[in-house]
Number of protein chains: 2
Amino acid sequence: MATKTKITIQDIAEKLNITASTVSRALNNNPRISEDTRKAVLKVAKQLNYQPNNIAAALRNGKSHIIGVIVPTADRKFFASVVRGIEEIANKLNYKVIICQSYDSYEKEVQTIDALLNARVDGIIASIGKDTEDFSHYKKVLASGLPLVLFDRTTDQLDVSQVGINDYLGSYKIVEHLIQQGCKRIAHFTSPKKISIFRERLRGYTDALLDNGIPFDENLVISSNLQLEGGRQSMEKLFEAGDLPDAIFSASDYGAMGAMQVLKERGIAIPERVALAGFSNEPFTSFTDPPLTTVDQLSLTMGNITAELFFEQFKIKDKKFVPQRTVLMPEIIIRQSSLKKR
Amino acid sequence: MATKTKITIQDIAEKLNITASTVSRALNNNPRISEDTRKAVLKVAKQLNYQPNNIAAALRNGKSHIIGVIVPTADRKFFASVVRGIEEIANKLNYKVIICQSYDSYEKEVQTIDALLNARVDGIIASIGKDTEDFSHYKKVLASGLPLVLFDRTTDQLDVSQVGINDYLGSYKIVEHLIQQGCKRIAHFTSPKKISIFRERLRGYTDALLDNGIPFDENLVISSNLQLEGGRQSMEKLFEAGDLPDAIFSASDYGAMGAMQVLKERGIAIPERVALAGFSNEPFTSFTDPPLTTVDQLSLTMGNITAELFFEQFKIKDKKFVPQRTVLMPEIIIRQSSLKKR
DNA sequence: ACACTTTGCGCAAACGTTTGCATAAATATT
DNA sequence: AATATTTATGCAAACGTTTGCGCAAAGTGT
């Protein structure tokens, strides 16, 4: 027999001839309640199969114990892992997570923020959409006094805590690795998007070259959408230009994969003739042939840290909180696609 | 100047010298409100930057406009895509989604259900954990009168709507395909887990063989955890047994990948000497060399349909709802790993 | 001009908790 | 024994909406 009508603390109270206040306090372990009544309340609660109504509590307390997480898309491994990292921490602290996807659309991002605000989340964790250039919707969050933490896709225009990885150094280290392998003409696949991560990767590439006495050649920097097809096209362009480079560093694994396909189709040996490296450590990179050298972004860790930063800010509440920026050091994963020397 | 104190419909009402009821009705497009006041209310609402308090509304209405989704893990592409499919539909109908992960733990699954119940979600969509054998927590959901829909990992023990794919036929068709390619001794990698999807795939494999006059040989069925390492070990076992089969159908892509690695290390030609097929259409399968033949599970579609089923049930409300079972027909994706004939 | 319907809005209760204040009983202090 | 303190509980308001009911004003039909 299921309880047809939802049972409340009132029901418990009546059964015990006490008031709802006492029941509430008993359930919340308020010290001003005697052990006896607490026991009794707990017993009846179990017996009636009482389910607390968090909504009522949330209304009363002004806290929903829910935090909103905005990601461009949830079905990319990187974001899925970050979300998982966030959830690990949040659940431990008894918070639930609402995941929203912006699909990299500015419109959707704005709507989502409004929706989360209306849902009265206790704070927001977000990765900014690719096309977002105006940040007033995020400022609205801050204005409501809610904690906001950004990860991965960060910005200088918002004075909030952020955690990202050092794209510059990841890029720098991987190019340096290619140079150590004896590569002299290293091409770079990048994106025309003005998003900072690609600019940083380009900068790392450039600096690594210069620091090692290799001249920068703008003809070796190819722009595309960095998807598989973009990588293929970029590779074709390099062939058309003649004088094949001896290494390619793509700012995305998909781009590198496109290059690998074209190279293999043309019978070019990887890594002997052309070494290859990508960025992101997508799950597929360990399964390609040869396995692809790449940069791991520590997604799970990023999620953990982001959440920790969030809750830290959470605790401090009223006192003026000083936003913190955490920059993770990416790990380069060296696999056979770049190992010219054994 | 951000509005320091949250503004409510009361504030709007005062400013216009009307009551909160009128404001509420105006905002909800109640026809009993004149166009003039509606306009005025909307204007002031915008001007004051009013954010509706969904929690208050949820308390009053008994509807939170949030639905809970439970998946074993959010960072596997398949589940991430299903969730995305669910969200597409849900958001369209103005519902938000809370994603919870059970990590395939029974304990966690039970806790999660309780948490969602307390959060007063309007319904639950779930994929059952691997180890779950008792379903009383799900029955609790039904007892509270909340809609419940299951996907992928389904069960006969609950009388609810479910949507899955026809693992049997996916398996059957892919084995048939291998046979058409001329394979006569086809090995199968499976899991010892008692979870029905693997049983079904094994059944499809067996039936396809028998229907095509190929005797079933239990020595060709190898059990493992179906991860990469499991696939490698299973492959090694086949080598040890001598008399290599001419095809391998793994119930998971990772298992197939493990086999591919070992085969390549031993210089066995794929697909000429041994054809290979997996299951799930993991993202990496198109990037292996050779690309892996596999079965696509239509994850996005599954999410869409699950959500539609959910909301259908939602609408009907009180009338007795008859649970529906939808079985999607998986698509076999034929790639080079199984193409012996050109 | 009368009765009747429609239109537009206000009143007040309700949703289920939590909590400051009050109070009675029990205990401690002098 | 009288007063002060502690302990355990009750009272009632509050959180911000929504909505049934009621009522006056405006509109309709005869």
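Numbers restart at 1 for each chain; the letters A, B, ... are given by sequence-line order, proteins then strands.
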Rounded to the nearest Å, what distance is computed from the [atom1] atom of residue [X] to the [atom2] atom of nucleotide [N]?
X      : N      : atom1 : atom2 : answer
B:I9   : C:dC11 : CD1   : C1'   : 14 Å
B:I33  : D:dT19 : CD1   : P     : 13 Å
B:N118 : C:dG16 : CG    : P     : 14 Å
B:K63  : C:dG16 : NZ    : C1'   : 16 Å
B:I18  : D:dA24 : CD1   : P     : 20 Å
B:L16  : C:dC9  : CG    : P     : 11 Å
B:R32  : C:dT6  : CZ    : C1'   : 8 Å
A:D36  : C:dA25 : CG    : C1'   : 15 Å

Presence of [X] side-chain N/O under 4.0 Å of [N] phosphate oxygens OP1/OP2:
X     : N      : result
B:Y50 : D:dT17 : yes
B:T22 : C:dC9  : no
A:S34 : D:dT9  : yes
B:S24 : D:dT19 : no
A:T8  : C:dG16 : no
B:N53 : D:dC15 : no
A:S21 : D:dC11 : no

Can a donor-acceptor pair be found between the side chains of [X] and [Y] at a distance below 3.5 Å?
X      : Y      : value
A:R84  : B:T73  : yes
A:E109 : A:T132 : yes
B:D36  : B:S34  : no

Heavy-atom nearest nucleotide on DNA chain C for B:A20 versus B:N61: which residue maps closer to 5'?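 That would be B:A20.
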
If you find the nucleotide of DNA chain C closest to B:L59 and the one closest to B:R38, which residue's nucleotide is nearer the 5' end?
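The residue closer to the strand's 5' end, by nearest nucleotide, is B:R38.
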
- Quick one: label B:N54 by what it contacts on the DNA or RNA (base, sugar-phosphate, nothing), any heavy atom closer than 4.0 Å.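 It contacts nothing in the nucleic acid.
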
So that I can tick it off, tell me whether A:K139 and A:D159 are bridged by a salt bridge, with the cut-off set at under 4.0 angstrom between side-chain N and carboxylate O.
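A salt bridge is absent here (no side-chain N lies under 4.0 Å from a carboxylate O).
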
(message) Go through it in stages, so that I can follow the logic: the residues are B:R120 and B:K63, the test is side chain to side chain contact (heavy atoms under 4.5 Å, CB included), and I'd like the CA-CA distance, side-chain angles, deciding distance and then a yes or no.
(response) CA-CA 8 Å; B:R120 283 328 200 243; B:K63 309 244 124 273; over 6 Å; no

What I want to check is whether an N or O donor and acceptor connect the side chain of B:R60 with the base of D:dG20 at under 3.5 Å.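 Not at all, since no donor on one side and acceptor on the other fall under 3.5 Å apart.
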
Quick check: any donor-acceptor pair below 3.5 Å linking the side-chain of A:R25 to the base of D:dG10?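 Per atom types, the contact qualifies.
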
